[in-house]
Amino acid sequence: MARDLSFRVAVLFSFLFFGFINFVCCNNERRVGDALETDFSGLSVPLEHSFELDDTAKFVVRGTLLLKTGREPSVALSQNPLSEEDRVKLKEVAEVDGLYRIRVPRVSLQADRQTEWQVDGYLTAFVRACAMVESHLSDVITLHTDVSGYLIGVSIVTIPGACRGTKVEDEVDLEVFNTTLSIMAPVNAPGPETSLFLERMEQETEKKGKNPQEQKSFFAKYWMYIVPLVLFLMMSGAQDQSGGGASGRAAAA
Amino acid sequence: MAKLILLLLNWIFLCCNVAAVFEDQVGKFDWRQQYVGKVRFSHFDSHMQSSKKVLLASESNVFAALNTRTGELFWRHVDKTGPEGNIDALLQHGQDAVLVIGNGHLLRSWDIGVGGMNWEMVLDPGSFRSACLVGHQGAVKHLAVLKKTVISLHYLSNGHQKWVENLPESETVDFQAVYSGGNGEVYALGVVPNSHLAIVVYSLEDGEITKQVSVEAPWLSSIPASCSVISRGLLTCVDSTTMSLYTLDLHLQLEMTQIPLQTLGLDVDPGFRPSLVSHQPNPAHPPLSEFLLQLGPEHHLLLQHNDGQIVTLRDYKPALLASFATAGEKTVVAVMAPKNKTACSINLFSAETGRRLLETTLIFTVDPNGGKPEKLHVQAFLKKDDSVGYRVMVQTEDHTLTFIQQPGRVMWTREEALSDVVTMEMVDLPLTGAQAELEGEFGKKADGLMSMVMKRLSSQLIMLQAWIAHLWKLFYDARKPRSQVKNDVSIENLSRDEFNLQKMMVLVTASGKLFGIDSKTGDILWKHYLENIPLNAAFKLMVQRTTAHFPHPPQCTLLIKDKDTGLATLHVFNPIFGRRSQVTPPALPQPILQSLLLPLMDQDYAKVLLLVDDQYKVSAFPSTKNVLQQLQETASSIFFYLADSGQGRLSGYRLRTDLSTEQVWEVVIPTETQKIVSIKGKRSNEHVHSQGRVMGDRSVLYKYLNPNLLAVVTESTDLHQERSFIGILLIDGVTGRIIHEAVQRKARGPVHVVHSENWVVYEYWSTKSRRNEFSVIELYEGMDLYNSTVFSSLDRPHAPQVLQQSYIFPSSISTMEATLTEKGITSRHLLVGLPSGGILSLPKMFLDPRRPEVISEQSREENLIPYAPELIIRTEWFINYNQTVSRVRGIYTAPSGLESTCLVVAYGLDIYHTRVYPSKQFDVLKDDYDYMLISSVLFALFFATMISKRLAEVKLLNRAWR
């Protein structure tokens, strides 16, 4: 349910970017971002990223997440394009197989806590920087909440996800993020499905009741086989008995 | 028609799954060992001269009677675990044994002859302090139970209360002991710590207080620890601060008499708390005037109270243990003294005089791999010539009971430590010498063609020799009657059998004793007691090197971690012989957070164990140059996770080349709403044969087989039945990506989880419907695979399809595990340990989220069972037929060399081993396979062809002549 909704929201505030990718993407055009800010009365938290040559984490702001709080949370993202310097660095990091990390602060999407959020830690995730480069910054970020609407985890994958070592020559490909963003709440696990089963059972018994033809007993169905068998057995048994009796008498005599 | 097919289908499934044991197979592939636990109280049944029973009450809340000749159980009663079933006291009189259970909640009387219950009484609430039998005029008919605020007297015959009285001033006085000397009075002794002693005397007849005194005793804090009643009501105490004995005549005196130990010429060992032991052979008579005083760890004294004087009868030094025993009218003292490093001698002394009795020496051999003697239980009896004979049951620190007869013959030993197995592994047995020789050929470096040929020839010769010897043995044994053929299993002739069905079980027990048990017979082949194991230790057993790498010995590593401090030690040993390995384990000065066994091996084929300390630094064991180099090369692909359930934090780390780590992901589950209760990964030795499932329309549904997947189970902190829930998170352990997140509402723990292949099965309590339910989650990639050759967590962008279904289970469960086979071709079963003691083998087929609610042609094609909300327990699914396994805590499964066969060990209070065949024995000929028929048919056909060939030839020849 929640997944459907977030998906729909993502459809609403996005348009297709690259022709060859069939994914619905959330774009980073300033104009759209502005529009979002006015529309949403929710929470805005920074989405930060870090990619360093020595793999130390130095997080800088990548964009802003706009979280719509309440019963049916949704999310939108506005982010800046990568600067020239960052693009070069990202490619360098990709060459040494470094990591591209993101983080978001731990916040609650519950309505009563939305006004002030204090940072009591971050949720982090990573992909290999080369995957980021080779996918031309096409990433899928998913935010996970728990039952009470608290953010518990973030995950990032790129599509395609593999590092094949293909060089990305065109700097322009690494300028704008092509992000698919969604927020996921836990699904309700199903309990044992008793009502449907009982319904089915009832239907079956009804069917049985309606159709007395099938309700014939075992004997009624197969009497033509059973009767000869029984007769045969009786005959042979009688013979045996008479034979036994005869021999007994003979012994007595 | 559909109904008929459904019935047929059901019938087929039933037929497929019948896996019962035939009567003649009982005990053939399985064995069970029953235990009692660490003994707290023991009594030898002495009311009959010929009796051979010993009663044991254990800390595991078990009450049992053992046969003193064989050490086997006569009967056993297993009570509830925890404080509810705790056995507070055991009193025995004649044919009856009375237990006080559950901190004075219940009083139970057992008939020790047959183990039946005589009666049970529920006592008034109040915490239990003490109990004793009360005799009067030579007969014992009552027992007194002292609680915090009341004292009650019960009839021994039916448990009814004779009287119950409140204790005076029970708010200030802590009553701790009750005593009766057979004179019609019951004494309740209480203490106001470091102030005075309170004595209340009750009349046996009506419970009236006949006397109430308080005596100054500023040095006294606990009566049972330092006082005892001797002689005719003489309370005797020992105090270490004033170095004195204190005596008080309960009938006459109002003040304690101080006798400094120095006046007796005695001295307490520094730092030792002295203790007193008195002996009351018959509750209807006052205790003996002799008593034992322990002044040091190896110093005991036999003292006597004589006309107001304390005299030393005998000084035992060195003496480890001393104990009284009575046979008929005679009372003796058995004293255990260290003889040398490997043996102790036990001697009998007359209690009256302190003289040593002749020819009563008994030698107790101390097992170098065992613990020190802790308790001495003496069974004394009168011989025909009226002299005293005795047997002793020695209890050692490692919970072993050894029963010894003169002059030192061990009649039996019981390893009660096995009642508390914590973790275990099964290790393949080594190859025989000849096989190993052959194998060893490949391991060595090649040195020339000629020598290789020679080596091969020599090893073939050795094998031939061994084979001939084997044949000769077979021939020789065949002539002997079957019962005489001994099947000795000793550590020397252990070798792997053809199908690797016999393995070495390595068990780690909570007491710190390790055992090696032969899985075929259940014999203990080696044991090793680790001293100085902290009480709350956590154990993790890892097999670093299997037996496959001859001539390198197999190697197991046990990580012992103190749960409080986090400090850990490693014990490295050979799992076949139990000996400590030559390899010195690294010292671990820092608390250890996580340990992981890598698939990397060093040059000696030992898997590398990584230990992560609280500074997130990693150390490797073994840490040779080779290993460090390998680690540097593969560091970027070594990921691990840490879980902190206190903070709800799951974090992932990656290894750096300098063996430091970096955090790469973090998931935080807020502890306000839920807490992490268990995290289950997959077993590393699990094989999955088939990558997908063939659907009804012949397409393939591929499984999502992520070896790094973790199943994290959380429980809500809110336990209200409407709001409580259970959370299931499937997290990739490398990337921290949450693959699936589900919430089971209105559910509560305890949750049991099994995680294997592409499925997770969990069991929980549904608070809404008040029943146990099973739920299964299966993950599928879909109709096409993303990358069919290799799985990488870093490159699986698409989330799997998740299917889930739940079922009602008619019983609560104790533990759960999945079967495991060599190649994973055999279908899987879940082994469910039930509280009733049964072990259920539940086909995984019944827990399949693709079970259709409405049957279609395709589902029928796929052999899916139509959905039914209830899982029915069929009696033929119990793999342990009538061999109940009490308090099953864990089930261990191991593959055997046969694909159809999985070895199962269920452990708890008992240990049970068996084999299961989830898809029946498809690769084994039946026991009653008719070899004769097959071979005779073959021979007949062979001869028939020969003859017909000959005939045809003759015929052809004849035709040619014509």
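Naming convention: chains lettered A, B, ... in sequence-line order (proteins, then strands); numbering from 1 in each chain.
- For B/R745, the part sitting under 4.5 Å from any heavy atom of chain A is the side chain, from C-beta outward, and nothing else.
- Expressed to the nearest 0.5 Å, how far CG of A/L53 lies from CD of A/E95 amounts to 9.5 Å.
- Minimum heavy-atom separation, A/L181 to A/A76: CD2-C, 3.9 Å.
- For the options B/I777, B/T735, B/V854, B/I669, heavy-atom pairs under 4.5 Å to chain A are most numerous at B/T735.
- A salt bridge is absent between A/D86 and A/K91; no separation between the charged side-chain nitrogens and carboxylate oxygens falls under 4.0 Å.
- Each of A/T142, A/V157, A/I152 has some count of heavy-atom pairs under 4.5 Å with chain B, and the biggest count is that of A/I152.
- With a threshold of 4.5 angstrom between heavy atoms, A/T158 approaches chain B through N, CA, C or O but not through any side-chain atom.
- Only the side chain of B/L729 comes within contact range of chain A, with heavy atoms under 4.5 Å apart.
- A salt bridge links B/R723 and B/D718; the closest N-O separation between the charged side-chain nitrogens and carboxylate oxygens is under 4.0 Å.
- Between A/P186 and A/V147 the shortest heavy-atom distance is CG-N, 3.8 Å.
- The interface of residues 123-131 of chain A with chain B, defined by heavy-atom distances below 4.5 Å, comprises A/L123, A/T124, A/A125, A/F126, A/R128.
- Nearest approach of A/E202 to A/T205, heavy atoms of both residues: O-OG1, 2.6 Å.
- Using a 4.5 Å cut-off between heavy atoms, A/I156 does not touch chain B at all.
- With a threshold of 4.5 angstrom between heavy atoms, A/S195 does not approach chain B through any atom at all.
- When heavy atoms are compared at a cutoff of 4.5 Å, B/Q674 approaches chain A solely by way of its side chain, counted from C-beta outward.
- For residues 96-104 of chain A, the interface with chain B (any heavy-atom pair closer than 4.5 Å) comprises A/D97, A/L99, A/R101, sorted by residue number.
- In terms of heavy atoms, B/A747 sits closest to B/T767 at N-OG1, 3.8 Å.
- Ranked by heavy-atom pairs under 4.5 Å with chain A, the first of B/V743, B/V667, B/I731 is B/V743.
- Here the closest heavy-atom approach between residue B/S636 and residue B/F639 is recorded as O-CE1, 3.5 Å.
- Options A/A57, A/P190, A/C163 differ in how many heavy-atom pairs under 4.5 Å they form with chain B, and the most are formed by A/P190.
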One pair to check against side chain to side chain contact (heavy atoms under 4.5 Å, CB included): B/L710 and B/Y641. What are the steps and the verdict? CA-CA 10 Å; B/L710 304 172; B/Y641 73 95; 3.6 Å; yes
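- Proximity of a side-chain donor or acceptor of B/S766 to a complementary backbone N or O of B/S769 within less than 3.5 Å is detected.
- Heavy atoms closer than 4.5 Å to chain A are found in both the backbone and the side chain of B/Y867.
- Note: B/Y764 and B/Y762 have tilted aromatic rings, judged against thresholds of 30 and 60 degrees for the angle between ring planes.
- In this structure, CZ in A/F51 is found 10.5 Å from CD in A/E92, a value given to the nearest 0.5 Å.
- Between B/F809 and B/F774, the distance separating the two ring centers is shorter than 6.0 angstrom.
- For B/E722 and B/K746, the salt-bridge test passes: some basic side-chain N is under 4.0 Å from an acidic carboxylate O.
- For B/Y702 and B/Y780, the gap between ring centers reaches or exceeds 6.0 Å.
- Neither the backbone nor the side chain of B/A799 has a heavy atom closer than 4.5 Å to any heavy atom of chain A.
- With respect to chain B, the highest number of heavy-atom pairs below 4.5 Å among A/P192, A/G161, A/S155, A/P160 belongs to A/P192.
- Using a 4.0 Å cut-off between a side-chain N of Lys or Arg and a carboxylate O of Asp or Glu, B/E715 and B/R748 do not qualify as a salt bridge.
- Listed options B/E773, B/Q805, B/R656, B/E662 were ranked by heavy-atom pairs under 4.5 angstrom with chain A; first place goes to B/E662.
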